[in-house]
Amino acid sequence: MNVEQKNNIEFKDESTELFSRLRIPWKQTKEEIWVGVSKHIQSPRVIKLQPKMAYWKLAIAAIFIVSFSLTIFMRTYTVSVNSFENKLVFNEL
């Protein structure tokens, strides 16, 4: 055993002796703290969530989106066939 190991052992003994004499002044005992914690665990709060938007507002928004998209689709959709000379061969709609 070298000197460094011997010093470490002495330091461990001194530190355990020092920490064994320390006492923390608790305000409550462990049992009192667990009683308080168990009260919070046993009585959970129930929160009822309500939708923030009414269903009729959602329906109006859906109607608007569908009608807008159908309008854009009808304005841009065509079926036409062009020849190589860029002459219109067939046009539907």
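When a residue number appears, it is its place in the shown sequence, counting from 1.
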Q: Apply side chain to side chain contact (heavy atoms under 4.5 Å, CB included) to Ile60 and list each qualifying residue two or more places apart in sequence or on a separate chain.
A: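 Listed in chain order: Trp56.
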Q. Listed by chain and number, what are the side chain to side chain contact (heavy atoms under 4.5 Å, CB included) partners of Glu31, not counting sequence neighbours?
A. Thr29
Q.
I'd like to check the ring pair (Phe, Tyr, Trp, His ring centres under 6.0 Å) partners of Phe68; sequence neighbours left out, ordered by chain and number.
A. none
(Q) With rounding to the nearest 0.5 angstrom, report the CD1 to CG distance, Ile65 to Leu70. (A)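 Reported to 0.5 Å precision, the distance equals 12.0 Å.
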